[in-house]
There are 2 protein chains.
Amino acid sequence: MSTYLDTGRGANRLVASLDAAGHRLTGPRLAVAELVAAREGHFTAAELLVDADRAQPGIGRATVFRTLDLFTSLGFVERVDLPGGDHAYVACDPVHHHHAICTSCGRSTDVDDVGLGNVLAAIGRRSGFSVTAHRLEIFGLCSACSAERP
Amino acid sequence: MSTYLDTGRGANRLVASLDAAGHRLTGPRLAVAELVAAREGHFTAAELLVDADRAQPGIGRATVFRTLDLFTSLGFVERVDLPGGDHAYVACDPVHHHHAICTSCGRSTDVDDVGLGNVLAAIGRRSGFSVTAHRLEIFGLCSACSAERP
DNA sequence: TATCTAGGTGATACTGTGTCTCATATGGAT
DNA sequence: ATCCATATGAGACACAGTATCACCTAGATA
Ligand SMILES: [Zn+2]
Ligand SMILES: [Zn+2]
Ligand SMILES: [Zn+2]
Ligand SMILES: [Zn+2]
């Protein structure tokens, strides 16, 4: 679980990041940050909208989407595409990494891509492709869930 | 470029595959197959709908989606998620592989994942995750496009 | 070849995301 | 305390994808 958005000390990172990019620290943004931090694993926009409406009735639908976009552009949230094709979001740290998503409980584990760089380089070499970006999503059972149902 | 859906001899594979799964070979399905095969690189559902309406006016919107779904389940088409978040489809062969998508011309090159297996295994070992599926999308410039603008 | 029927189709309405516009409100700089 | 660029909320909107349902047809069978 990522803790970058936690309230208290952790929120400093968010504040600093917003500030650095010239964005204001507003009530709705803090509220969304807390909701995201409170979520375990990935969540859909719809789920967050429900949360938001409960936590702060009157918060605008558009604002939630805008905030999600903003956080995504700052690297605090990442969008993932579930196997079924749905879009979801995951809280995460703003460094390059990937997500291993548990198809049973939905939690996601951050994973760095040691080794993947070499694979991509090899692919590029072989196909003449000059790779500028990649997306890797991993699905399976987390250790807890695979222990439960072996 | 994949050619699995080409008309003529290539269509046999589609026919065989539909047949094997107990699906009928219908006019609309053939039409969509040809449109998909005619497309270079990835395409959105909207683009294919335009094509379909031009090639065979009167073809139902729902039918195009249904056919796309069917082909996807047969492995003849794959859904990809562009960096911008849009959904798109790519023609491909029904064997496990990935797509290197050119962000300039949109063409996609099939890429097998030699080496990725090891990376995933290592990830699984380290995180206790038992990996059952993965999705890798690669973005960059194809050899033609990177030659053009170096 | 004529018949039969499960499976497929098209029209249409609908749901659900995500976006846009615009009048109003507010963070934070001065 | 004032000011204004930025953010917000309301609501309309655009678009992807799905559901329903009466009708149609591929292809199996006799
Ligand atoms: Zn992450
Ligand atoms: Zn789990
Ligand atoms: Zn290209
Ligand atoms: Zn693979």
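Everything quoted here is computed from the prediction, not taken from an experiment. Letters A, B, ... are given to chains in the order of the sequence lines, protein chains preceding strands, and every chain is numbered from 1.
Under the 4.5 Å side-chain heavy-atom criterion for Ile, Leu, Val, Met, Phe, Trp and Tyr, B:V50 and B:F71 are members of distinct hydrophobic clusters.
Note on B:H23: a side-chain N or O is less than 4.0 Å away from OP1 or OP2 of C:dG8. Residue A:R79 places at least one side-chain N or O under 4.0 Å from the OP1 or OP2 atom of C:dG18.
Here the P atom of nucleotide C:dG27 and the CG atom of A:L18 are 14 Å apart, to the nearest Å. Note: CG (A:D81) to P (D:dG17) measures 12 Å, nearest angstrom. Between the CZ atom of B:R29 and the C1' atom of D:dA26 there is a distance of 10 Å, given to the nearest Å. Following rounding to the nearest Å, B:L70 (CG) and D:dG17 (P) show an atom-to-atom distance of 16 Å. Residue B:L49 contributes atom CG, which lies 15 Å from atom C1' of D:dA14 at whole-angstrom precision. Atom CG in A:D19 sits about 12 Å away from atom P in D:dA7, given to the nearest Å. For A:H87 and D:dG17, the NE2 to C1' distance is 12 Å, given to the nearest whole Å. Rounded to whole Å, the distance from CG on B:D53 to P on C:dT9 is 16 Å.
For A:R24, counting side-chain heavy atoms from C-beta on, the closest listed nucleotide (D:dT8, C:dG28, D:dA10) is C:dG28.
Between B:G58 and A:L25, the residue anchored closer to the 5' end of DNA chain C is B:G58, taking for each the nucleotide with the nearest heavy atom. Nearest-nucleotide positions on DNA chain C for B:Q56 and B:G22 put B:G22 closer to the 5' end. Mapping B:T26 and B:F65 onto DNA chain D via the closest heavy atom, the residue that lands nearer the 5' end is B:F65.
As judged by a 4.0 angstrom heavy-atom cut-off over every strand, B:R61 is placed among the base-contacting residues. Backbone-only engagement by B:D69 is indicated by non-hydrogen atom pairs under 4.0 Å involving sugar-phosphate atoms exclusively. Residue A:A45 is classed as a sugar-phosphate contact, given heavy-atom separations below 4.0 Å to backbone atoms only.
Across all non-hydrogen atoms, the minimal contact from A:L82 to A:H42 is CD2-CE1, 4.0 Å.
The CG atom of A:L70 sits 8.0 Å away from atom OG of A:S17, with the distance rounded to the nearest 0.5 Å.
A donor atom on one side chain and an acceptor atom on the other are found under 3.5 Å apart for B:H98 and B:H134. Side-chain atoms of A:H87 and B:H87 form a donor-acceptor pair, as typed in the model, at a separation below 3.5 Å.
A donor-acceptor contact under 3.5 Å links the side chain of A:R66 to the base of D:dG9.
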